[in-house]
Amino acid sequence: MASHYYPTIFFPDEPSGFGAVVPDIQGCLTQGETLTKAMYWAVDAIGTMLDGVAEEDYPKPSKVEDLDLSEYPGAIVNIIEFNPEVWKASFNPIRKAREQAGITIKELANILGAPYRTVQDWNSGARKPPAWLTKLIVEKIESVI
């Protein structure tokens, strides 16, 4: 699988930090507390939106000069590299839910009543719990938000 490069619009979004829109992928938007985090989440948003889509059916990227930035005051455009193989290998639903909830690994370990080291390994991807347990952990994190 090859990398795909999508122009992404990043704009100040108070109070959350920065918003991000990938115009070539309908409904593909995200945000982050910092520009760096918004860029990180943009890759994840692209992966989430394109998951299950055949690579030959991925939308073609626009030219940066063709983007309309008028509705995004203070916006900048950055090209986001998306490689479906890399994204799938790095996808970690526990880490994603934890980061979106804004809780630390230690806080998650306390919420779950699990050893810190175990939760740290799940978060890093060094160990993976069974799918049924992953689902329960993500549901627990989402219920805390």
Side-chain angles (χ1 to χ4, degrees), residues 1-62 64 67 69 71-145:
M1 294 185 181
S3 289
H4 301 268
Y5 300 88
Y6 288 103
T8 303
I9 301 169
F10 295 92
F11 55 93
D13 184 30
E14 296 301 328
S16 62
F18 285 87
V21 175
V22 184
D24 298 314
I25 303 172
Q26 186 177 11
C28 189
L29 55 113
T30 191
Q31 61 88 30
E33 294 171 354
T34 64
L35 183 56
T36 301
K37 287 184 179 182
M39 289 178 179
Y40 170 83
W41 287 115
V43 174
D44 189 64
I46 293 168
T48 301
M49 298 301 290
L50 296 180
D51 192 30
V53 175
E55 196 167 351
E56 60 269 8
D57 295 330
Y58 283 7
K60 302 291 180 229
S62 298
V64 172
L67 297 178
L69 304 178
E71 64 181 281
Y72 305 103
I76 62 167
V77 176
N78 194 358
I79 305 298
I80 297 296
E81 178 182 6
F82 174 71
N83 184 305
E85 205 168 83
V86 171
W87 178 78
K88 285 182 183 184
S90 69
F91 181 71
N92 181 331
I94 293 172
R95 182 180 64 230
K96 179 178 178 180
R98 183 190 64 75
E99 288 176 350
Q100 286 180 327
I103 59 177
T104 67
I105 295 169
K106 184 175 182 175
E107 290 169 330
L108 179 56
N110 290 337
I111 290 166
L112 298 173
Y116 173 81
R117 182 63 184 193
T118 299
V119 176
Q120 186 180 40
D121 286 349
W122 291 342
N123 186 76
S124 71
R127 290 180 32 200
K128 292 186 180 184
W132 64 268
L133 183 54
T134 298
K135 183 178 183 219
L136 290 175
I137 293 168
V138 169
E139 287 175 3
K140 181 69 173 179
I141 294 168
E142 290 172 346
S143 75
V144 173
I145 299 175

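Here the structure is a predicted model, which means the values were calculated and not measured.
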Audit row: L108, I94, side chain to side chain contact (heavy atoms under 4.5 Å, CB included) steps and yes/no: CA-CA 10 Å; L108 179 56; I94 293 172; 4.1 Å; yes
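Around atom CD of E14, more than 12 heavy atoms belonging to other residues, nucleotides or ligands sit under 6.0 Å away.
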Residues 33-50 side chain polar contacts: donor-acceptor under 3.5 Å, at least two apart:
{"unit_1": "E33", "atom_1": "OE1", "unit_2": "K37", "atom_2": "NZ", "d": "3.4"}
{"unit_1": "T34", "atom_1": "OG1", "unit_2": "K37", "atom_2": "N", "d": "3.1"}
{"unit_1": "D44", "atom_1": "OD1", "unit_2": "W87", "atom_2": "NE1", "d": "3.1"}
{"unit_1": "D44", "atom_1": "OD2", "unit_2": "K96", "atom_2": "NZ", "d": "3.0"}
{"unit_1": "T48", "atom_1": "OG1", "unit_2": "D44", "atom_2": "O", "d": "2.9"}

For residues 138-145, please give each side-chain donor-acceptor pair under 3.5 Å, one per line with the distance, not counting sequence neighbours.
{"unit_1": "S143", "atom_1": "OG", "unit_2": "K140", "atom_2": "O", "d": "2.7"}

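The two residues N83 and E85 come nearest to each other via the heavy atoms OD1-N, 2.9 Å. P23 and I9 make their closest contact through CG-CD1, 3.8 Å (heavy atoms, listed as atom of the first residue, atom of the second, distance). Considering all non-hydrogen atoms of both residues, D24 and P61 come closest at OD2-CA, 3.4 Å. Shortest non-hydrogen contact noted between A2 and P84 is O-CD, 3.5 Å. Of all non-hydrogen atoms in P12 and P73, the two that sit nearest each other are CD-O, 3.5 Å. Y6 approaches K60 most closely through the heavy-atom pair CE2-C, 4.5 Å.
One distance of note links OG1 of T8 with CG of L29; it measures 11.5 Å at 0.5 Å rounding. Taking CD of Q31 as the reference point, atom CZ of F10 lies at 12.0 Å (rounded to 0.5 Å).
Side chains of R127 and W122 form a contact here, defined as non-hydrogen atoms less than 4.5 Å apart. At a threshold of 4.5 Å between non-hydrogen side-chain atoms, the residues I80 and V22 do not count as touching. Inter-residue side-chain proximity for F11 and V21 is flagged as met; some heavy-atom pair is nearer than 4.5 Å.
Checked against side-chain contact (heavy atoms from CB on, under 4.5 Å), P130 has the following partners two or more places apart in sequence or in another chain: W132, L133.
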